Amino acid sequence: MSRRLIAALVAAFIVIVVAFNALYIVTQTELALVLQFGDPIKVVREPGLKVKIPFIQNVVIFDRRLLDYQTPDEEVIASDQKRLVIDSYARYRILDPLHFYQTIGSEQAMQARLDATINASTRRVIGNVPLNALLSDQRAKIMAQIRDEVASETKSFGIEVVDVRIRHADLPAANSEAIYARMQSERQREAKQFRAQGYEAAQGIRAAADRDRTVILADAERQAAITRGEGDAQSIKAYADAFGQDPQFFAFYRSLQSYATAFDANTTFLLGADNPFLKYATPPIAGSQH
Amino acid sequence: MPWTNQGKDPPNGPNGGGGPWGGGDHGPWGGGSGGNGGRRPPGMTPPDFDRIMARLSEWFGKLFPPGRGRYFVGIAVVVLAWLASGIYRVQPDEQGVVLRFGAYNRTTLPGLHYHLPQPIEAVLTPKVTRVNRTDVGIANDSNGASVDVQQESLMLTGDENIVDVNLSVFWVIDNAKAYLFNIRNPELTVKSATESALREVIGRTPIAAALAQGRTQIETDTRSLLQSILDRYGAGVKVTEVQLLRADPPQPVIEAFRDVQRARTDSERLQNEAQAYSNDILPRARGDAQKIIQEANGYKQQVLAQAQGEGQRFLEVYNAWKSAKDITSERLYLDTMSKILAHAHKIVLDHSAASNGVLPYLPLQPNGAPSIRGQAPPRITPPAASTRQTGDAQ
C-alpha cells in the first residue's frame, strides 16, 4: 500500500515535470523561438498552448508588440552651423525572431544598436539641412528620411522600424538666451512702431479736423461776404431808383437830413448877420439895412 | 459561530469564521454562508446551518462511504471554487478581453460573464469609455497641483522664436484588442507621439500665429497628425480632443510682449482722443459757419429793407414836394435849421461889429476843436464836403 502510494506519487511528479517542460504558452503579445540544443529550429507566431519535446527543446520568447525606444539628448549641428539639441524616439517591432536571435540576441543589445544608428542617421540628415528647414513643412520629410535610413540599416536584425520621430529639437541654453534677446528687441521695435503709428494717425485726424474747421469757416465767410455784397448792391440800386427821380431835390432833402443828424448841441454856429437864415432877424439886432 | 453576531449588522460580515473548508465540524460552507448572512437586514432569523449541515452530511454519507466522504467534499469544494473563479464582471466603462492560454479568444461586453478558470483562460478589462488625459508641459506634483515642465513646454516656432506651450490630449481606447496587444507602453507612446506632433506643428507656425489666431489651427493639426501617427502604430487609440491650454511667450520675454499689447492700446487711445477732438470741433465749426452765413443773410435783408424804405420815403416826400416846390423847400429848410439851432451854441456877428474890431473869440471846447461855421451851409452843398471839413479840423 505505502510502496504503491510512493510509486504513484513519484510517477505523478515525473508526469507533472515532463508536462511542464513539454507545454508552454505563447501569449498574444509574444513570439516564440524553439531551440533544439541551442539551435533554432522553428518560430511560433500563433499564440496559445504549445507543445515541445521536453528537455531537448527550449523556447526563447520575444515581444511581438511595437517596442519603444527613446534616445538621450544629442547635440547636432545643422548645415548652417546652428546647434540643436535633439532627442528622438523609435518604434519598432521584431519581425523575424530567428534573425533577431542570431544577430542581436536581446532587446537591450538592440537598443544600443538603435541608439547608435539613429544618432548617426540624425547627424547625417540634419547636417545636410539648415535649421529653418527643420522649422517648416520639411520636418516631416526629414523625419521620414531618418526613419528610412534607420529602417534599412537595421533590417538585417530581423526588425521593422515603424517610425523614428524627433521629439524635442531645441536650441542649446546659450542660444536660447540670444533668441530671447532678439525676441525682446523685436517686440520693442513693434511696440514703438504701434505707438508711433497711433500718434501718426491721431495727428492726421486732428490736422484733418483743424483743416475742415478752417475750410468750413472760410467757406462761410465767403458766402457771407457775397451775401453782404448782394445786399449792398441791391440796396444801392433801390436807393438809386428812388433818388434818381430828382437828383437835385435829393441833394437838398438829403442834406437837410444830414444836417439834422450831424449837428448836435455841442456845435457852435458863428452866424453872420447877412446869413439868409437871419434875413428877417437882422433889424432888431444890429439895425442892418436888410 | 460566525453568524451569531449578525444582528449587529457588521459592515463586511464575519470573515473566515472557521475557514471555508477548514472546520470540519461546521461544514464547508460555514464561512461563506456567514459572509452572506452578514449582509442580511437585521432582525431576520438566520437559517439553522447546523441542521442544514447535518442534512448535507447525511446526503454525502449516503452517496459515499463515511470517512472518504470528507475527502470528496474537500476536493469538490476546491474544484467548485476553482471553476467559480472564472466568474468575472465587466463594468459599464470596460470591455472584457478573454485570453485562452495567452491567445486572444473573445471580447465581452459589460455584465456578468464566465471564463474558464486560470490557467486556461484569463480576462483583461480595459476601461474603454474612460477618457484618458495626457499633458504636455505640465505635470502634477506630489500634492496634485499642476506644475510647469519647462523642458517640455518650451519649443521653437517656425520663425525661430521660442514659445511656452501647454497642451492636453484626451483620448479613449478605440480598439481594446489593439490597445492591449499591439504596442508596449501605450500611454508612453501617446505622450511621445503628442510631444513630437505638437513640436512639428509649432515648428512650422510663426510665433504670432501660435500666440493668437492660429491656436485652433494648432489644435486641429496636432490632433490629426497625432491620430495618424497612432493609427500607423496600430495603437487602438482614438484622440477625442486636443486642447491648447496655454501658448505664451517664455517668461524672460513676456514683459516685452505685454508691452506690445499696451502699445496697441495706446495707439488706439491716441486715435480715439484725436477722433474725439475732431468730433468736438467740427460740429462747432459748422455751427459757427451757419451763424456767419445767417448774419450775412440778415444784413442783406436789413440793408435792402432800409434802402427800399428810404427810397419809398423819399419818393413819398418827393411827390408831395412836387406840388408846392418853393414853399415846401423853404419850410423844410427852416424846419431843419430851427431844429439844429435850437440846441446849438450860436453867435451872430454883425458886419458893423466886425468892422469895428470885434474879434470872434472861439473858446476851445473840452471835447476837441470848435466847429467853425462861417455861415449856414448853402442849400446845395453836399453834406460830404462839410463832414470832410470837420474831419480835417480834428
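Reminder, nothing fancy here: chain letters follow the sequence lines and each chain counts from 1. Please read these numbers as outputs of a predicted model, since none were measured by experiment. These values consider heavy atoms only, across backbone and side chains, with no hydrogens, waters or symmetry-generated copies.
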Greatest number of heavy atom pairs closer than 4.5 Å to chain A - which of [options]:
options                                    : answer
Arg100(B), Lys322(B), Gln275(B), Met155(B) : Gln275(B)
Ile120(B), Val317(B), Asp288(B)            : Val317(B)
Asp159(B), Thr336(B), Thr205(B)            : Thr336(B)
Ala256(B), Ala285(B), Ser196(B), Pro186(B) : Ser196(B)
Gln308(B), Lys177(B), Gln151(B), Arg199(B) : Arg199(B)
Leu188(B), Leu99(B), Leu198(B)             : Leu188(B)

Go through the atoms of [X] and report whether side chain, backbone, both or neither lie under 4.5 Å from a heavy atom of chain B.
X         : answer
Tyr253(A) : side chain
Arg189(A) : neither
Asp241(A) : neither
Gln257(A) : side chain
Lys50(A)  : neither
Tyr199(A) : both
Arg93(A)  : side chain
Ile166(A) : backbone
Thr214(A) : neither
Glu177(A) : neither
Leu23(A)  : neither
Asp63(A)  : side chain
Leu131(A) : side chain
Val26(A)  : backbone

Classify the angle between the aromatic ring planes of Phe249(A) and Tyr318(B) as parallel (below 30°), tilted (30 to 60°) or perpendicular (above 60°). tilted

Do [Y] and [X] meet the salt-bridge criterion of a basic N to acidic O distance under 4.0 Å?
X         : Y         : result
Lys82(A)  : Glu160(B) : yes
Arg182(A) : Glu186(A) : yes
Arg167(A) : Glu200(B) : no
Glu316(B) : Arg313(B) : no

Between Asp87(A) and Arg165(A), is the salt bridge (charged side-chain N to carboxylate O under 4.0 Å, His left out) condition met? List the steps. CA-CA 9 Å; Asp87(A) 71 326; Arg165(A) 288 188 64 86; over 6 Å; no

With distance as the sole criterion, is a donor-acceptor pair present between the side chains of [X] and [Y] under 3.5 Å?
X         : Y         : result
Glu30(A)  : Thr27(A)  : yes
Ser267(B) : Arg195(A) : no
Asp163(A) : Tyr89(A)  : no
Arg232(B) : Ser228(B) : no

Please flag which part of [X] lies under 4.5 Å from any non-hydrogen atom of chain A: side chain, backbone, both or neither.
X         : value
Ala193(B) : both
Tyr104(B) : both
Glu295(B) : both
Leu315(B) : side chain
Leu225(B) : side chain
Arg262(B) : both
Thr157(B) : backbone

Near-ring test Phe250(A)/Phe314(B), centroid separation under 6.0 angstrom: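 Phe314(B) vs Phe250(A): aromatic centres under 6.0 Å.
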
Below 4.5 Å, heavy-atom pairs only: which of Glu221(A), Glu200(A), Gln138(A), Gln197(A) has the largest tally toward chain B? Glu221(A)

Pick from Ala218(A), Gly48(A), Ser88(A): which one has the most heavy-atom pairs with chain B under 4.5 Å? Gly48(A)

Sequence neighbours excluded, which residues qualify as side-chain hydrogen bond (donor to acceptor under 3.5 Å, both in side chains) partners of Thr194(B)? none

Qualifying residues under salt bridge (Lys or Arg N to Asp or Glu O under 4.0 Å), relative to Arg269(B), sequence neighbours excluded: Asp266(B), Glu273(B)

Separation of Phe252(A) CZ from Trp321(B) CH2 (nearest 0.5 Å):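 Reported to 0.5 Å precision, the distance equals 8.5 Å.
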
